[in-house]
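Read through the structure below, which is laid out as structure tokens, and then see the notes.
What you see is a predicted model, and the numbers here were worked out from it, not measured in a lab. Reminder, nothing fancy here: chain letters follow the sequence lines and each chain counts from 1.
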Amino acid sequence: MPSLQRPRLAVWKFASCDGCQLSILDCEDELLALAGAVEIANFPEASSAISEGPYDLSLVEGSITTPHDARRIQDVREQSKFLVTIGACATAGGIQALRNFADVDEFVSTVYASPRYIETLATSTPISDHVAVDYELHGCPINKMQLLEVISAYLAGRKPAIAAHSVCVECKQRGNVCVMVQGTPCLGPVTHAGCGALCPAYRRGCYGCYGPMETPNMKSLAGEWQALGAQPRDIQRALRTFNAWAEPFREESEAHDD
Amino acid sequence: MTTKTIKVDYLARVEGEGALDLHIEDGAVKAANLRIFEPPRFFEAFLRGRGYMELPDIVARICGICPVAYQMGAVQAVERAFGIEVGGQLRTLRRLLYCGEWIESHALHVVMLHAPDFLGYPDAIRMAEKHGDVVRSGLAVKKAGNALMCLLGGREIHPVNVRPGGFYRLPTKAELAPMGEELKRARDQAFDLVRWTSTLPIPDFEQDYEFVAMRHESEYPITGGRLVSSRGIDIDIGDFENEFEERHVPHSTALHAMVKQRGAYLVGPLARYALNSQLLPETIQSLAREAGLGPVCNNPFRSIVVRALEVAFACEEAVRLIGEYELPEAATVPFEPRAGTGFGCTEAPRGICWHRYDFEEDGTIRAARIVPPTSQNQPSIEADLAAVAGSLVEADDDVIRDRCEQTIRNYDPCISCSAHFLKLSVHRS
């Protein structure tokens, strides 16, 4: 017998650009139907009606960069039955994890005249470093159709149908001519699918915004890049963007220190 | 002495994390602080040592709602530093992409975030129960803006197609033609949206702002021009730092920008409109009159009408640009990097977004400075809060809180670059 109670959805923000939660509001055709299928119980960016937890499904955007947020995520986990992290910040630390390779005090004084007002951690870390995560949706930004699939799968009590292969497979599906064979360095062979091979379709190399696929062959790809004339600095820069702190990208980038 | 403190711990229906502290003493507002606690991400620090080709992809991540604004300011600065001009149809395509961002960002704010304030709803979803046609129509307009960004940029959030010198891939006329038809429908819906916003119960409230916006000799400003103000500033964007300064205050991770000589100023739709309304097409000027707008609007609550008007304009402008489009011979203008400093400034949906980069000989970034619109508006937001709360000191805390939240949302603050519900705690003594 179906419950009359709709599942309660919460959307949380940590350090991020807001783009991944904006993906929900970008579902122009599905938004009102979504609001019928779940109770939007806590989504401050969209609504000032905030209901107390617990919540059935929590979508978490952003990374942990402050002592306050490190405590807050514990509270979010306690209130959430099923917790899904959305986007590169939440799953890998985001672009702000570049501080992890540098001196954060020096970063603060570069941007702010009075560094004493700023409270920050030395690192930006993914949510899974702090609490148990039930599902991770990759991308910078996430693909909104994949987000709807994750929510639909949750409502149906099944596993989300999200492919784990590389962008290369999506290029073949889309009919793109490989940009690597035309001499353009591309992170597609090691990058998680999900964007639909967007950059190669726009005649540029993939820049890895969906992060590493499962078991990527990083060494082999770095070799191909070198054969195309890429210098160690180019390889390191390419791996140190939005998923810089994801382990395969991080380790390979450290192999190309000057 | 009677003291009360009204606090709002987490602003809703704004992009990012902010709060409000209001201190009222003996019936007078002593302090009105918009407290921004969005965690800092240090873009200007980690941009150092990066390459010029990476710049548009990295700065896009400052904001998921207005990534094109950051990309455009960045490529403009690169091109200015390297001494190249991206003109003709390539410039047209950039303006067209930017129209897409104005449409989606403004439509989101007008219908989903701001309109519920005037009608007493917590969000657009509940507003849709009685105002379904408006919400659906607003979503359709927003979708058209996003579709334009997808076509020209690859995707609506963090588009991938803009690069120094031009684009990676050019759209064909055949690809753009159906987009033109969708935008014509969106334009008609946007015209109705402007008329609808003009019927909302808008509070009487005016402030004497110094408006700051870009000005172009022949176009309503989006992608470039000079920087002008309603009190006589008229400068090249490279002189921004002579005229404006940023101050770091204890209650905010966003820096506060000021006109050095005078203090607070205002950027965004009200400023653009006040300084450039004569450059709007006659159809849009006539729509403005129909909606009860004069040549200048000093009521920040009425910004919802001006924002809707800019949606109508952006749709009309996009239709025009698509109609005149001819496929350029090349997707990029050739150039070589060189050492130097470059400036970029464009009209983000929320107002001017200014950039400065210093480059080494090979185009590596040596220093970066970015001044986003919300940090420029923060002092004006606080001045509005003090004035609004000052007129309501005798009212219930809930009334003060609601009106103050609405005052903040008038600005469509994008706190991620620098929030519709405020949790309130009151201390009375």
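Contact annotation for A:A97: neither backbone nor side-chain heavy atoms come within less than 4.5 Å of a heavy atom of chain B. Only the side chain of A:Y207 comes within contact range of chain B, with at least one heavy atom under 4.5 Å from a heavy atom of that chain. Neither the backbone nor the side chain of B:L170 comes within less than 4.5 Å of any heavy atom in chain A. There is no contact between B:R369 and chain A, counting heavy-atom distances below 4.5 Å. Contacts of B:L152 with chain A are made by backbone atoms alone, with heavy-atom separations under 4.5 Å and no side-chain atom involved. Using a 4.5 Å cut-off between heavy atoms, A:F242 touches chain B through its side chain atoms alone. The contact between A:A15 and chain B is made by backbone and side chain atoms together, counting heavy-atom distances below 4.5 Å. Both the backbone and the side chain of A:C140 come within contact range of chain B, with heavy atoms under 4.5 Å apart. For A:R240, the parts lying under 4.5 angstrom from a heavy atom of chain B are both the backbone and the side chain.
With hydrogens and angles ignored, the 3.5 Å screen pairs no side-chain donor or acceptor of A:T66 with any backbone N or O of B:P39. A distance-only check finds no donor-acceptor pair linking the side chain of B:R61 to the backbone of A:S16 [under 3.5 Å].
Put simply, of B:R163, B:R155, B:R126, the one with the most heavy-atom pairs under 4.5 Å next to chain A is B:R155. In terms of non-hydrogen atom pairs under 4.5 Å with chain A, the most contact-rich of B:A128, B:G49, B:P67 is B:G49. With respect to chain A, the highest number of heavy-atom pairs below 4.5 Å among B:K142, B:E104, B:H158 belongs to B:K142. Interface check for chain B: of the options A:L198, A:L98, A:D234, the most heavy-atom pairs under 4.5 Å are formed by A:L198. Counting heavy-atom pairs closer than 4.5 Å to chain B, the top-ranked of the candidates A:H68, A:R203, A:R99 is A:R99. Top candidate by heavy-atom pairs under 4.5 Å with chain B, chosen from A:S124, A:C209, A:C195, is A:C209.
Of the inter-residue distances, the one linking A:L25 atom CG with B:N146 atom CG reads 10.5 Å to the nearest 0.5 angstrom. In this structure, B:I65 CD1 and A:D26 CG are separated by 9.0 Å, a value rounded to the nearest 0.5 Å. In this structure, the separation between OH on B:Y168 and SG on A:C199 is 8.0 Å, given to the nearest 0.5 Å. Put simply, CZ on B:F167 and OH on A:Y202 are 10.5 Å apart, with the number rounded to the nearest 0.5 Å.
No hydrogens or angles considered: a donor-acceptor pair under 3.5 Å links the side chains of B:T364 and A:R237. Under the 3.5 Å distance criterion, with hydrogens and angles disregarded, no donor-acceptor pair is assigned to the side chains of B:R41 and A:S63.
Near-neighbour residues of residues 28-36 of chain A relative to chain B, defined by a heavy atom under 4.5 Å from a heavy atom of that chain, comprise A:E28, A:D29, A:L31, A:L32, A:A35. Using non-hydrogen atoms only and a strict 4.5 Å limit, the part of residues 130-140 of chain B facing chain A consists of B:R136, B:L139.
Heavy atoms of other residues, nucleotides or ligands lying less than 6.0 angstrom from NZ of A:K144 number more than 12.
Side chains of A:T120 and B:F42 form a contact here, defined as non-hydrogen atoms less than 4.5 Å apart.
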>> For a side chain to side chain contact (heavy atoms under 4.5 Å, CB included) check, start with the C-alpha distance between A:S23 and B:I157, then their side-chain angles and the critical distance, and finish with the verdict.
In response: CA-CA 8 Å; A:S23 299; B:I157 302 169; 3.6 Å; yes
